[in-house]
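Working notes, beginning with the structure itself.
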Amino acid sequence: GLQRIFHSACRAVGAPFCFVTPASSTQETNQRLAEAILEYVGVPFAVSRNSVARTKLPCRFEVVDHHPSVILDGAHNTLKMAALFEQLRTLSYARLVVVFGIFDDKDTTSIVRIIARRANTVILTQGLTSAMSGRHWATGSALATAFHNQNNQLVIIQQKSPLRALATARTIAGGDDAILVTGSFYLAGIVRAVQYPEFQMLRKRSLFFRG
């Protein structure tokens, strides 16, 4: 299988072969892979385990508010969206409101299918096109059709402004619900700048929200 191919390729160039056993979640599998790489370059396991566990990335399953929870994730392809919804199972919430915008060069059908299975309401939005030369956001009408093809019971709202979309999500979501902003790092970044502005980062001396 694939292991044999990789093993042969490593042997051909004189490189060591190391197999990392996949975990039950994508997040844990990535953590094991990072730890194996650090161990290979000589970082003690205790140090690598602690460092990897404390590592955070903006807009990667980033919770920036509570009651309702507001989660930012720049998932923009099928694999990342599947991993995001897998990780979402670790949270407890009543209903899921998704603020979603994506560029039209993505595999929208597969991505929409993942979201439509779990969301209660989807608010379709777009970022500014002037800042993204040569790229275009998927239109609200096209996305609405894609979502209804997957789940005709899904509540769909179109709100072109990302910030108005978030405000709309807040009026819909109760304290026990979750709001997920996803589909693009650019979109997640717009919302992040409002939820956790620069002056708060400077005041708290942290790049991340600490609620």
Side-chain angles (χ1 to χ4, degrees), residues 25-31 33-34 52 54-66 68-91 93 96-119 121-140 142-143 146-147 157-170 173 178-198 200-201 206-211:
S25 72
T26 304
Q27 188 77 5
E28 190 178 347
T29 299
N30 289 339
Q31 181 172 331
L33 182 60
V52 171
R54 294 175 57 189
T55 298
K56 295 192 294 185
L57 292 174
C59 298
R60 269 289 182 227
F61 206 79
E62 182 180 10
V63 180
V64 294
D65 207 352
H66 301 288
S69 299
V70 177
I71 306 148
L72 309 181
D73 197 296
H76 54 83
N77 62 42
T78 307
L79 289 176
K80 289 181 173 62
M81 193 62 71
L84 163 59
F85 272 78
E86 178 185 275
Q87 191 170 4
L88 202 59
R89 294 181 185 277
T90 64
L91 292 187
Y93 57 87
L96 179 64
V97 180
V98 178
V99 176
F100 181 71
I102 196 166
F103 290 108
D104 62 6
D105 57 353
K106 303 296 182 181
D107 183 6
T108 346
T109 303
S110 297
I111 293 170
V112 162
R113 185 181 297 118
I114 294 168
I115 298 171
R117 290 174 185 154
R118 299 272 298 279
T121 301
V122 176
I123 304 172
L124 304 173
T125 190
Q126 299 177 2
L128 297 174
T129 53
S130 58
M132 308 299 292
S133 177
R135 302 189 70 191
H136 304 282
W137 292 90
T139 64
L143 290 176
F147 272 105
I157 300 170
Q158 296 187 42
Q159 180 58 264
K160 194 166 185 179
S161 161
L163 301 186
R164 288 181 182 175
L166 178 63
T168 302
R170 286 188 173 280
I179 298 171
L180 172 64
V181 181
T182 191
S184 160
F185 273 113
Y186 186 75
L187 172 63
I190 293 172
V191 174
R192 189 182 201 272
V194 174
Q195 288 293 124
Y196 195 43
E198 186 176 340
Q200 285 192 28
M201 295 184 204
S206 172
L207 293 175
F208 295 95
F209 172 83
R210 291 179 292 184

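Computed from a prediction, not measured in an experiment: that's the story for all the values here.
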Quick one: side-chain hydrogen bond (donor to acceptor under 3.5 Å, both in side chains) partners of Asp107, sequence neighbours excluded?
Ser110
Can you sort out the partners of Asp105 under salt bridge (charged side-chain N to carboxylate O under 4.0 Å, His left out), two or more places apart, ordered by chain and number?
Arg135
Quick note, side chain to side chain donor-acceptor pair (under 3.5 Å) partners involving residues 77-90, not counting sequence neighbours, are Thr26-Glu86
Sorted by chain and residue number, the salt bridge (charged side-chain N to carboxylate O under 4.0 Å, His left out) partners of Arg117 (sequence neighbours excluded) come out as none
Could you pull out the closest heavy-atom pair between Ala169 and Val99, with the gap in Å?
CB-CG2, 3.9 Å
Step by step, work out the side-chain contact (heavy atoms from CB on, under 4.5 Å) result for Leu88 and Phe61.
CA-CA 8 Å; Leu88 202 59; Phe61 206 79; 3.8 Å; yes
Apply side-chain hydrogen bond (donor to acceptor under 3.5 Å, both in side chains) to Arg60 and list each qualifying residue two or more places apart in sequence or on a separate chain.
Asp73
If the condition is side-chain hydrogen bond (donor to acceptor under 3.5 Å, both in side chains), which residues does Arg164 pass it with, not counting sequence neighbours?
none
Are any of the side-chain heavy atoms of Thr125 and Trp137 separated by less than 4.5 Å?
no
Sequence-distant partners of Leu124, side-chain contact (heavy atoms from CB on, under 4.5 Å), two or more places apart:
Phe100, Val122, Leu143, Ala144, Phe147, Ile156, Gln158
Can you sort out the partners of Ala146 under side-chain contact (heavy atoms from CB on, under 4.5 Å), two or more places apart, ordered by chain and number?
Val112
Quick one: list whatever passes side-chain hydrogen bond (donor to acceptor under 3.5 Å, both in side chains) with Thr139, sequence neighbours left out.
Ser141
